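Reviewing the structure listed below.
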Amino acid sequence: MKLQLALDLVNIPEAKEVVKEVQEFIDIVEIGTPVVINEGLRAVKEIKEAFPSLEVLADLKIMDAGAYEVMKASEAGADIITVLGATDDSTIKGAVEEARKHGKKILVDMINVKNLEQRAREVDALGVDYICVHTGYDLQAAGENSFSDLRAIKNVVKRAKTAIAGGIKLATLPEVIEASPDLVIVGGGITGHPDKRAAASEMKQLIAQR
Ligand SMILES: O=C(CO)[C@H](O)[C@H](O)COP(=O)(O)O
């Protein structure tokens with residue numbers, strides 16, 4: 001089980017500071033969608049150059065032009081690129097084919113997918129690397145989480161790895177770990193903690209005990 005740090009509310013220098021603090025406890029660093037909007041793919045490039053031993057995920061949440069956007073993120077140094085599960089199969093197929101050309105991986109974000117199990121089966125058959133259940137910020141604010149969604153996709157996904165994101169904190173991590181995802185994605189649970197290093201370290205220990 002891997003731990004991914006999601007960076008959403010920082011600029012590039014701040015991102016580097018946070019990663020420096022917690023790098024020994026994380027496997028993947030995510031350049032979040034707001035960071036890409038503010039800083040562009042330069043953020044991916046700079047973080048990959050600064051931390052070459054970490055995998056870097058570009059959270060582009062691709063909805064169209066899958067091949068082109070994966071090509072651009074790959075050129076910037078991303079190891080994993082996100083595509084939305086709600087989009088058309090042709091976009092996901094294009095993204096997967098392009099990722100293969102560059103030796104990169106595709107994570108499909110199932111945010112706001114209604115027919116979750118059926119779509120997870122379909123997306124799995126398209127050859128993606130990760131399928132991720134995700135409660136976004138707006139639904140987190142309404143008290144929702146993706147814990148039962150994770151259990152649901154674990155029952156139907158046969159070849160992709162599974163991942164979960166959305167509001168995971170130290171207190172809720174044990175419940176997440178219980179459902180055995182391959183990847184746990186944590187943003188505010190680390191970046192919003194008064195001691196980021198301690199939070200990341202404790203999360204890594206909880207995951208390692210599994
Ligand atoms: O993709 C995202 C928002 O759309 C976030 O990166 C993801 O939800 C993880 O952050 P947090 O743990 O703070 O919810």
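Counting starts at 1 for both ligands and their atoms, in listed order. Because the structure is a prediction, the values reported are computed rather than measured.
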For [atom], what's the nearest protein heavy-atom neighbour? Residue, atom name and distance, please.
| atom | answer |
| --- | --- |
| atom 9 (C) of ligand 1 | Ala6 CB, 3.8 Å |
| atom 4 (O) of ligand 1 | Lys61 NZ, 3.0 Å |
| atom 8 (O) of ligand 1 | His134 NE2, 2.9 Å |
| atom 13 (O) of ligand 1 | Gly188 N, 2.8 Å |
| atom 12 (O) of ligand 1 | Gly187 N, 2.8 Å |
| atom 6 (O) of ligand 1 | Asp8 OD2, 2.7 Å |

What do you reckon, does [X] put a non-hydrogen atom under 4.0 Å from ligand 1?
| X | value |
| --- | --- |
| Lys169 | no |
| Gly136 | no |
| Gly166 | yes |
| Thr33 | no |

ask   = Which one of Ile164, Asp129, Thr162 satisfies the side chain to side chain contact (heavy atoms under 4.5 Å, CB included) criterion with Asp182?
value =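 For Asp182, the side chain to side chain contact (heavy atoms under 4.5 Å, CB included) test succeeds with only one of Ile164, Asp129, Thr162, which is Thr162.
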inquiry  = Run the side-chain hydrogen bond (donor to acceptor under 3.5 Å, both in side chains) test against Lys93 and tell me which residues pass, sequence neighbours left out.
reply    = none
Sequence neighbours excluded, every pair satisfying side-chain hydrogen bond (donor to acceptor under 3.5 Å, both in side chains) that has a member inside residues 164-181 =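 Only Ser180-Arg210 qualify under side-chain hydrogen bond (donor to acceptor under 3.5 Å, both in side chains).
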